[in-house]
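Heads up: the structure comes next, in structure tokens.
In what follows, chains are A, B, ... by sequence order, proteins preceding strands, each numbered from 1. Just the heavy atoms: all of them, side chains too, but no hydrogens, waters or symmetry mates, feed the values below.
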There are 2 protein chains.
Amino acid sequence: MHDSDQPPASDRPNAADETWFDAWRGVLFASARALRVADQDMVEHDGFPLTWLDVLAQLADAGPAGLRMQELEEVALFTRGGLTRLVDRIEAAGLVRREPVHGDRRGVLVVLTDEGRQRHDAAFARHREVIEREFGRRLTPAQHRAISDALWPFWHGDGAATSE
Amino acid sequence: MHDSDQPPASDRPNAADETWFDAWRGVLFASARALRVADQDMVEHDGFPLTWLDVLAQLADAGPAGLRMQELEEVALFTRGGLTRLVDRIEAAGLVRREPVHGDRRGVLVVLTDEGRQRHDAAFARHREVIEREFGRRLTPAQHRAISDALWPFWHGDGAATSE
DNA sequence: AGACAGTAGTTGTCAGGACAGCGAGAACTG
DNA sequence: CAGTTCTCGCTGTCCTGACAACTACTGTCT
């Protein structure tokens, strides 16, 4: 947020100690920009926001058995709390349904409906295209590799989920 | 969000067409994780959230003349709308004050107070430390360089600010 | 079995962000 | 200089996310 007019790191090799901050800024801006565009696009074309895709994608990955609220909350990227109402909305739209858990009457199983799966598939395909356009195509394959390798630990366990 | 258990891109060089998606995921998770930790830390230690720092930092960069609401909205990273109430809160906390614009009675100039500058400096210093810990120290200098160079266009003009 | 702690999910309540509409003022036009 | 249009920031209203009770149920311990 500061020093916004400095040249890229490659132009000032003496500032090695500060380079991490430029890297951070890049990550921050790239994600903020792409997410905003992707969210707008999804609301416009699919009729629901990115948070819904987050939930639907987890359920699509989980298979036909669905997921319990608790499991869903653990794996979802955006929503840390307030999952109840989010699922309420998605259920009201008919993309998901709640079922009792066999053997635990406290629990609730969230399952994709047929329409939910279709809408997810369509939205996810479109989402990939948007991200590819807003992010992927702006970089070279070598850059993809470099970023992917460097940032891989952040989404592969590593305590990335909740806290330290 | 899918394929969450695959090895990193470096382990499956044949999937070159898909590597951008892993890079995206890395960017997404890295920023989400660091931002969440940073926001929590800031609320806890500085008493205000990251959105305030965003505003304060822009004002600190802008110099003693301050910024008009409109300019502030253009450069702020997080807040797209609703800047009025955000500035209301920051003003109520005494970190900022509104002044009339000489020669345009519609406009409002937002200026840092002395306390605002002090609080900004402290919060920003701490914020850097948190980001360095949560992001910087997890990567090598070479990786910082690679990411910084690749993602630099996203925050350096390029239409990265608001829309296409 | 009865008491007790732990777990699962929902609900109440409130703060923050999104969006549309508003009035005041400025700029442009004839 | 009157009329129109545009800009600037504020306000009303709704929607979503955060946090804290609260209910229902499970499991354990004696």
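For B:Glu91 and D:dG9, the CD to C1' distance is 13 Å, given to the nearest whole Å. Taking atom CG of A:Leu83 as the reference point, atom C1' of C:dT10 lies 12 Å away to the nearest angstrom. The distance from atom CG of A:Leu109 to atom C1' of C:dG9 is 13 Å, rounded to the nearest whole Å. A straight line from CG of A:Asp104 to P of C:dG6 spans 17 Å, rounded to a whole angstrom. For the pair A:Leu86 CG and C:dG9 P, the computed distance is 15 Å after rounding to whole Å. Summarising the geometry, the separation between NE2 on A:His102 and C1' on C:dA8 is reported as 18 Å, rounded to the nearest angstrom. At whole-Å resolution of the value, CG in A:Asp88 and P in D:dC15 are 15 Å apart. Between the C1' atom of D:dG17 and the CZ atom of B:Arg36 lies a distance of 14 Å, rounded to the nearest Å.
Among the protein residues, A:Gly82 comes within range of no part of the nucleic acid, since none of its heavy atoms lies under 4.0 Å from any strand.
For A:Thr51 and A:Gly103, each mapped to the nucleotide of DNA chain D holding its nearest heavy atom, the one lying further toward the 5' end belongs to A:Thr51. Between A:Arg106 and A:Arg98, the residue whose closest nucleotide on DNA chain C is further toward the 5' end is A:Arg106.
A heavy atom lying under 4.0 Å from DNA chain D marks none of the residues of residues 64-72 of chain A.
Here the side chains of A:Val27 and A:Ile147 are not in contact, with every heavy-atom distance at 4.5 Å or above. You'll find the side chain of B:Arg68 stays beyond 4.5 Å of the side chain of B:Val108, heavy atoms only. Taking the side chain as every heavy atom from C-beta outward, B:Val96 and B:Leu112 approach each other to under 4.5 Å.
The base of C:dG23 has none of its N or O atoms less than 3.5 Å from a complementary donor or acceptor on the side chain of B:Arg105.
Put simply, B:Arg85 has no side-chain N or O that comes within less than 4.0 Å of OP1 or OP2 on D:dT13.
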Next item on the list: List the steps, then state whether salt bridge (Lys or Arg N to Asp or Glu O under 4.0 Å) holds for B:Asp22 with B:Arg25.
Entry: CA-CA 5 Å; B:Asp22 288 334; B:Arg25 223 176 339 210; 2.6 Å; yes
Distance-only check: which donor-acceptor pairs under 3.5 Å involve side-chain atoms of residues 83-93 of chain A, not counting sequence neighbours?
unit_1  : atom_1 : unit_2  : atom_2 : d
A:Asp88 : OD1    : A:Arg98 : NH2    : 2.1
A:Glu91 : OE1    : A:Arg98 : NE     : 3.0
A:Glu91 : OE2    : A:Arg98 : N      : 3.4

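The listed nucleotides are C:dG9, C:dG16, D:dT16; the one nearest the side chain of A:Val108 is C:dG9.
Nearest heavy-atom pair, B:Arg97 versus B:Thr113, reported as atom, atom and distance to 0.1 Å: NH1-CG2, 3.8 Å. Taking every heavy atom of both residues into account, B:Met42 and B:Phe48 meet most closely at CG-O, 3.0 Å.
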